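Basis for what follows: all heavy atoms, side chains included, without hydrogens, waters or symmetry-related copies. These numbers were taken from a predicted model, which means no experiment stands behind them. Labels below follow one simple rule: chain letters A, B, ... track the order of the sequence lines, proteins then strands, and each chain is numbered from 1.
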2 protein chains.
Amino acid sequence: MIGSRVRQYRNAKGLTMSELAERAGVAKSYLSAIERDIQTNPSIQFLDKIASVLDVDINVLLKDVTSSTYEEAAALDEEWQSLIAEAMNSGVSKEEFRDFLEYNKWKIKQK
Amino acid sequence: MIGSRVRQYRNAKGLTMSELAERAGVAKSYLSAIERDIQTNPSIQFLDKIASVLDVDINVLLKDVTSSTYEEAAALDEEWQSLIAEAMNSGVSKEEFRDFLEYNKWKIKQK
DNA sequence: AAAGACCGTGCGTTATAATGAACAAAACAG
DNA sequence: CTGTTTTGTTCATTATAACGCACGGTCTTT
């Protein structure tokens, strides 16, 4: 469905609905309805606006596009994706993250 | 423009506006307005209907078919991506990850 | 040349896309 | 904990996408 894809790419970019709506110049109430599939027939101009902000091609929102690298990203659980975005934006270094991983692996092993 | 492309593919199929409109299940008056660019903001469902009759992909009507690249996959930093994959495989829960993020946000803030 | 069949366009009406508040709940700051 | 800001939602209203029908024009057919 169209809504889930919009939400997915919005989360991947680490944007809130308010932010996306404002930057794209659309009503956030309508954006909300779209993402929840309450309204499912947006116009091409509407899609153009949000697609350009999300930095994706419009047909990516229209249907699933098969592409090796893309599939990889899509395979990542939705919630994980937003977590990644949050991590990248909040200035956590890769080193810190690696340390965290090491520690956790060790921790799990203890059980 | 969108209208000229619809007209182009309709003529290529040797269809009249009346025929295309009827087969696609849309109003020919509206189709006429679209082709003449009097109305330029059709919905995706409308485009879907006529695209399937014209036997073309919907994005062919939207714009000239150029190389569609998928930068969004690259947008997620490659190295981060593998780190996340590692995290997911090593059984780290989302909750633990969230706690880690919280802690790090706080830590950064201390500077 | 009149009658019928089909073309595309003009126009009034209807359905709904899209908006702009105002709202409760969550996240945040002090 | 208390007030402030930001989140996504609901709802009433506006704008317009999309429709149905009637019309004039062109081409047959008789």
Side-chain angles (χ1 to χ4, degrees), chain A residues 1-54 58 61-62 78-79 82-83 85-87 89-91, chain B residues 1-54 58 61-62 94-95 97-99 101-111:
Chain A
M1 201 78 284
I2 177 92
S4 54
R5 240 160 280 138
V6 172
R7 172 161 289 171
Q8 181 180 339
Y9 283 99
R10 178 173 62 79
N11 285 332
K13 274 259 168 182
L15 291 174
T16 67
M17 294 183 69
S18 304
E19 282 175 333
L20 174 56
E22 189 181 17
R23 293 197 202 174
V26 301
K28 66 174 177 176
S29 58
Y30 183 58
L31 176 60
S32 168
I34 288 289
E35 287 198 2
R36 287 175 296 147
D37 294 323
I38 289 173
Q39 277 175 279
T40 58
N41 195 25
S43 69
I44 60 173
Q45 285 177 19
F46 174 85
L47 284 180
D48 260 335
K49 290 181 195 167
I50 62 174
S52 77
V53 173
L54 292 180
I58 188 170
L61 298 179
L62 288 177
E78 216 182 292
E79 204 171 347
S82 54
L83 283 175
E86 195 181 341
N89 293 336
S90 71
Chain B
M1 202 74 290
I2 177 87
S4 53
R5 239 159 281 137
V6 172
R7 172 163 288 171
Q8 180 183 335
Y9 283 98
R10 177 175 64 79
N11 287 332
K13 275 257 167 184
L15 292 174
T16 67
M17 294 182 70
S18 303
E19 281 175 334
L20 174 54
E22 190 182 16
R23 293 197 201 175
V26 301
K28 66 174 178 177
S29 59
Y30 183 58
L31 177 60
S32 167
I34 288 289
E35 287 197 2
R36 286 175 296 148
D37 293 322
I38 289 173
Q39 276 174 279
T40 58
N41 195 24
S43 70
I44 60 173
Q45 286 177 19
F46 175 85
L47 284 181
D48 260 336
K49 291 181 196 167
I50 62 175
S52 76
V53 174
L54 293 179
I58 187 169
L61 299 179
L62 288 177
K94 288 170 188 168
E95 285 67 31
F97 188 78
R98 275 206 194 84
D99 292 342
L101 272 184
E102 300 277 337
Y103 164 70
N104 248 283
K105 275 185 184 173
W106 173 84
K107 188 170 147 198
I108 289 173
K109 203 176 167 187
Q110 298 308 303
K111 292 185 215 162

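- Under the 4.5 Å side-chain criterion, counting only non-hydrogen atoms from C-beta, Ile50(B) is not in contact with Ile34(B).
- Put simply, CD1 on Ile44(B) is 15 Å from C1' on dA18(D), counting in whole angstrom units.
- When rounded to the nearest whole Å, the span between OH of Tyr30(A) and C1' of dA18(C) equals 6 Å.
- Note: CG (Asn41(B)) to P (dT16(D)) measures 10 Å, nearest angstrom.
- With dG8(D), dG10(C), dA18(C) as the candidates, the nucleotide lying closest to the side chain of Ile38(B) is dG10(C).
- Distance alone, capped at 3.5 Å, is enough to place a donor-acceptor pair between the Arg36(B) side chain and the Ser32(B) backbone.
- Here the side chain of Arg5(A) pairs a donor or acceptor atom with the backbone of Leu61(A) at under 3.5 angstrom.
- For Glu22(A) and dT19(C), the CD to P distance is 14 Å, given to the nearest whole Å.
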Starting at the 5' end of DNA chain D, what dot-bracket string do you get if Watson-Crick and G-U pairs under 3.5 Å are bracketed, crossing pairs use [ ], other-strand pairs use | and unpaired bases use dots? |..||||||||||||||||||||.||||||
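- Counting only distance, with no hydrogens or angles, the side chain of Asn41(A) and the backbone of Gln45(B) share a donor-acceptor pair below 3.5 Å.
- With dT19(C), dA18(C), dG8(C) as the choices, the nucleotide that has an atom nearest any side-chain atom of Ser18(B) turns out to be dG8(C).
- Contact between the side-chain N/O atoms of Ser32(B) and the OP1/OP2 oxygens of dG8(C) is not found at any separation under 4.0 Å.
- As rounded to whole Å, 16 Å separates atom P of dT6(D) from atom CG of Leu15(A).
- For the pair Glu19(B) (side chain) and Thr16(B) (backbone), a donor-acceptor distance under 3.5 Å is present.
- Picking from dT9(D), dA17(D), dG8(C) the nucleotide with the shortest atom distance to the side chain of Arg10(B) gives dG8(C).
- In plain terms, the two heavy atoms of Ile58(B) and Ala51(B) that are nearest each other are CA-CB, 4.2 Å.
- For the pair Gln45(A) CD and dT19(C) C1', the interatomic distance rounds to 15 Å; values are reported in whole Å.
- Remark: the Ser29(A) side chain and the dG20(C) base include a donor-acceptor N/O pair separated by less than 3.5 Å.
- Nearest nucleotide to the Lys28(A) side chain, out of dT19(C), dA22(D), dA22(C): dA22(C).
- The side chain of Ala27(B) sits closest to dC19(D) out of dT10(D), dC19(D), dA17(C).
- At least one donor-acceptor pair under 3.5 Å links the side chain of Ser52(B) to the backbone N or O of Lys49(B).
- Of all nucleotides listed (dA22(C), dC7(C), dG8(C)), dG8(C) comes nearest to the side chain of Met17(B).
- With salt bridges taken as basic N to acidic carboxylate O contacts below 4.0 Å, one links Glu35(B) and Arg10(B).
- In this structure, Leu31(B) atom CG and dA18(D) atom P are separated by 12 Å, rounded to whole Å.
- Which of dT9(D), dT19(C), dT9(C) sits closest to the side chain of Lys49(A) comes down to dT19(C).
- The side chain of Thr16(B) has dG8(C) as its nearest neighbour among dA17(D), dG8(C), dG8(D).
- Rounded to an integer number of Å, the gap from Gln39(B) CD to dA15(D) P is 16 Å.
- Comparing atom distances between the Arg7(A) side chain and each of dA17(D), dT9(D), dG8(C) picks out dT9(D) as nearest.
- Of the candidate nucleotides dA18(D), dA18(C), dG8(C), dA18(D) has the atom nearest to the side chain of Phe46(B).
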